[in-house]
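Take a look at the structure set out below.
All values derive from a computational prediction rather than experimental measurement.
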Amino acid sequence: MSHQRTPRPVLAVSALRPGLALGTGLLLAAGTLLPRTALALPPVPPAPEVAAAEEAPTEQAATEEAPAEAAIQRQIVLELGRRQISLKENGTVVGSWPVAIGDPSTPTPVGSFTVQNKVVNPQYQSTRSGKINATVGPQAPLGDRWIGFKQSGLNQYGIHGTPTAWAWTVTSRAAVSNGCVRMLTPHVRELFEKVEIGTPVIVKR
């Protein structure tokens, strides 16, 4: 072809269970000086001394004494037993949302990870057939947000959105995916905006 198009990030996901499981996948992702005059001026009397105790602090001193603002430390915590994902800031939970997790035969991995990639409008690709689902947006198989946190071979585990037809799997906190974590669209968008590459992801039972 005469024109090249920039490919859209694609996620290769193992088996897609009709109506249920989407799981692991791989991201395929101034002034002028005046001269002195010779005019003699009467001497200026010295200014009266001010006692040190009455001296007001300078602006610079006040600035130096102000405490530095503490950096915000964020962390994603996924509790598989409660089917709940939370965002913590400096150890305090600032948001919690229901999720759907991996089926017992294809469980969501447990352990300490980090956010490896973030994708807006990811595409789904089967690792078995190689076929790519061209649908993008909130009704796509992976929704419109992807937060990847672990790679295993050709597959990657991630937190992603859920199309309306499968929203019930999240609201019922089901264990139906191939290992990925499903969230409702508004929830995953909020989480997506608050985390960065490298944000810790803790998955516990």
Side-chain angles (χ1 to χ4, degrees), residues 7-14 16 21-29 72-80 82-90 92-103 106-127 132-133 135-164 166-167 169-171 173-205:
R8 182 185 297 276
V10 176
L11 293 171
V13 182
S14 50
L16 174 60
L22 270 177
T24 56
L26 170 67
L27 180 66
L28 283 187
I72 297 177
Q73 301 294 328
R74 292 188 173 93
Q75 181 184 66
I76 298 172
V77 179
L78 172 60
E79 299 172 88
L80 298 177
R82 301 180 64 184
R83 314 284 170 84
Q84 176 175 284
I85 196 167
S86 302
L87 177 65
K88 289 186 175 182
E89 292 185 356
N90 296 333
T92 300
V93 175
V94 295
S96 293
W97 307 275
V99 295
I101 62 172
D103 182 90
T106 54
T108 301
V110 175
S112 297
F113 313 98
T114 60
V115 173
Q116 297 183 352
N117 47 58
K118 297 172 59 183
V119 181
V120 175
N121 291 327
Q123 285 184 288
Y124 166 82
Q125 180 181 30
S126 170
T127 56
I132 298 175
N133 187 317
T135 306
V136 295
Q139 302 308 317
L142 300 175
D144 61 6
R145 297 291 188 276
W146 167 274
I147 305 170
F149 64 86
K150 174 180 169 61
Q151 184 159 339
S152 178
L154 294 177
N155 296 315
Q156 187 181 65
Y157 295 91
I159 303 162
H160 62 77
T162 308
T164 302
W166 300 346
T169 65
V170 178
T171 56
R173 303 175 189 251
V176 294
S177 79
N178 278 340
C180 281
V181 182
R182 298 180 185 175
M183 298 181 69
L184 297 180
T185 298
H187 299 166
V188 73
R189 287 176 178 175
E190 182 178 356
L191 181 62
F192 186 94
E193 294 301 322
K194 292 181 177 180
V195 300
E196 302 174 351
I197 304 300
T199 296
V201 179
I202 309 301
V203 182
K204 53 188 180 182
R205 300 188 187 281

Are K194 and E190 ion-paired here, with the side-chain N under 4.0 Å from a carboxylate O? yes
Derivation of the side chain to side chain contact (heavy atoms under 4.5 Å, CB included) call for I202 and I76: CA-CA 6 Å; I202 309 301; I76 298 172; over 6 Å; no
For D144 and P138, work out which heavy atoms get closest and say how close. OD2-CG, 3.6 Å
Please check: side-chain N/O of S177 versus main-chain N/O of I101, any donor-acceptor pairing under 3.5 Å? yes
Where is the tightest heavy-atom contact between G143 and P122, given as atom of each residue plus distance? O-CD, 3.8 Å
With under 30° as parallel and over 60° as perpendicular, where do the rings of H187 and W97 fit, or are they tilted in between? tilted
I need the Y157 OH to N178 CG distance, nearest 0.5 Å. 8.5 Å
Short question: side chain of K150, backbone of G111 - any donor-acceptor pair under 3.5 Å? no
Heavy-atom pair of closest approach, residues A100 and T169: CB-O, 3.3 Å
Test side chain to side chain contact (heavy atoms under 4.5 Å, CB included) on V120 and F192 and set out the steps. CA-CA 9 Å; V120 175; F192 186 94; 3.8 Å; yes
Which heavy atom of P163 sits nearest to which heavy atom of P141, and what is that distance? CD-O, 3.7 Å
Min side-chain heavy-atom separation L191-I147 under 4.5 Å: yes
Answer yes or no: does atom CZ of R173 have more than 12 heavy-atom neighbours from other residues, nucleotides or ligands under 6.0 Å? yes
Considering only heavy atoms from C-beta outward, does the side chain of E89 approach that of Q73 to under 4.5 Å? no
To the nearest 0.5 Å, tell me how far T171 OG1 sits from R83 CZ. 13.0 Å
Do R82 and S96 make a side-chain contact, defined as non-hydrogen atoms from C-beta onward lying under 4.5 Å apart? no
Nearest heavy-atom approach of I197 to K118 is CD1-N, 3.8 Å
So, taking the atom named CZ in R145 and the one named CD1 in I159, what distance separates them when rounded to the nearest 0.5 Å? 14.0 Å
Just one of T114, V115, V77 clears the side-chain contact (heavy atoms from CB on, under 4.5 Å) bar with V201, so which one? V115
Side-chain contact test, heavy atoms from C-beta onward, threshold under 4.5 Å: evaluate it for T162 versus M183 and give yes or no. no
Does the side chain of K204 reach to within under 4.5 Å of the side chain of L80, using non-hydrogen atoms? no
Shortest non-hydrogen pair, Q84 vs S86, comes out as NE2-OG, 3.7 Å
Does the side chain of I85 reach to within under 4.5 Å of the side chain of L78, using non-hydrogen atoms? yes
Just by distance, with hydrogens left out, do W146 and N121 show a side-chain donor and acceptor under 3.5 Å apart? no
Side chain to side chain contact (heavy atoms under 4.5 Å, CB included) for K88 and V94? Distances and angles first, verdict last. CA-CA 6 Å; K88 289 186 175 182; V94 295; over 6 Å; no
I'd like to check C180 versus H160 (side-chain heavy atoms, cut-off strictly below 4.5 Å). Are they in contact? yes
Sub-4.5 Å side-chain heavy-atom contact between P109 and F149: yes
Hey, are N133 and T135 close enough side-chain-wise for a donor-acceptor pair under 3.5 Å? yes
Can Q75 and T199 be counted as having a side-chain donor-acceptor contact under 3.5 angstrom? no
How long is the span from the CD1 atom in I132 to the CD atom in Q125, to the nearest 0.5 Å? 4.5 Å
